[in-house]
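Reading through the structure tokens given below for one structure.
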Amino acid sequence: MARMIIAGNWKMQNDINGSVELVSGLAAGMPAKINCEVVVCPPFTSLETVYSLAKNTKISLGAQNMHFEDSGAFTGEISASMLKSVGCKYVILGHSERRAIFGESNDWINKKIKKALSSGLLPIFCIGETLEERESNITFDVIKKQVVEGLKDITAAQMADIVLAYEPVWAIGTGKTASPAQAQEVHKFIRTLLSELYGAAIAAEVTIQYGGSVKPDNAAELLSQPDINGALVGGACLKADSFIKIIEAAK
Ligand code: PEP
């Protein structure tokens with residue numbers, strides 16, 4: 001069975017003071033018994049500080065992006081080994097904001113996934129269709145292309161270390177959540193595709209998170225769908241109490 005993972009993507013929010021406040025609030029409010037792994041993904045500038053405050057708690061650390069090269073003249077970029085050196089376990093790759101605003105292609109994302117894996121980081125690989133694509137009835141084609149090209153040359157053994165996040169672009173930051181049935185339909189399609197690519201046993205183990213306006217009041221129903229194994233949360237992870245309610249919704 002796939003493990004349940006609830007991750008919070010802080011995006012470009014929280015300076016050091018805000019980061020200390022948020023992770024401290026999470027650590028203090030975390031229920032004694034939780035049924036999922038909890039990951040926070042602060043901005044690069046807060047990673048080390050958040051790691052030092054979270055390392056003896058149930059909170060794991062992730063980054064929001066990285067470059068696929070090891071080092072060199074890539075002004076403004078961050079490498080996998082840099083992320084490892086400040087305590088990251090996960091890295092979000094292929095977020096729709098990286099694809100749409102910064103022009104990241106499936107090929108770049110594939111290179112990043114390979115570099116993350118060879119460096120010992122677990123990728124949270126994001127995929128999802130735009131509203132226009134959904135309304136043109138090409139959601140499954142878009143998802144298939146993103147999965148096949150993003151996972152090019154990834155082996156079955158490596159697949160066990162990858163988390164997928166299905167995030168319909170029209171649901172991100174809009175308050176419009178996919179209905180549990182809409183999300184489950186795409187998650188099932190993704191798992192079937194993984195089964196064709198890697199076999200049923202591996203596909204059953206892959207965590208497929210849902211992301212897109214997950215809130216305390218819709219989390220339980222989304223997370224109870226058979227192929228939804230967690231959430232990637234934006235807005236609702238920025239307050240400790242609402243993120244904790246989502247964590248509590250994971251059964
Ligand atoms: C996200 O950006 O990954 C996300 C899901 O954001 P929100 O929860 O705010 O829709």
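All ligand and atom numbering here is 1-based and tracks the order in the structure.
- Annotation for ligand 1: atoms under 4.0 Å from non-hydrogen atoms of A171 are 10 (O).
- Side-chain atoms of I5 and N229, non-hydrogen and from C-beta on, never get closer than 4.5 Å to each other.
- Classification of E37 and K89 as a salt-bridged pair holds, one side-chain N sitting under 4.0 Å from a carboxylate O.
- H67 is linked by a ring pair (Phe, Tyr, Trp, His ring centres under 6.0 Å) to F74, W108, counting only residues two or more places apart in sequence or in another chain.
- Considering backbone and side-chain atoms together, G212 places no N or O closer than 3.5 Å to any N or O of ligand 1.
- The backbone N or O of A236 sits less than 3.5 Å from a side-chain atom of S242, completing a donor-acceptor pair.
- Evaluation of the ring pair (Phe, Tyr, Trp, His ring centres under 6.0 Å) rule for F243 yields no partner, not counting sequence neighbours.
- Listed by number with element, the atoms of ligand 1 under 4.0 Å from a non-hydrogen atom of S213 are 7 (P), 8 (O), 10 (O).
- With distances taken over non-hydrogen atoms, the option nearest atom 5 (C) of ligand 1 out of K215, K11, E167 is E167.
- Neither the backbone nor the side chain of A165 has any atom closer than 4.0 Å to an atom of ligand 1 (non-hydrogen atoms only).
- Note: no N/O pair closer than 3.5 Å links G211 and ligand 1 by distance alone.
- Distances between N or O atoms of L232 and those of ligand 1 include no value under 3.5 Å.
- Taking all atoms of both residues into account, the shortest heavy-atom contact from E205 to M1 is OE2-N, 3.1 Å.
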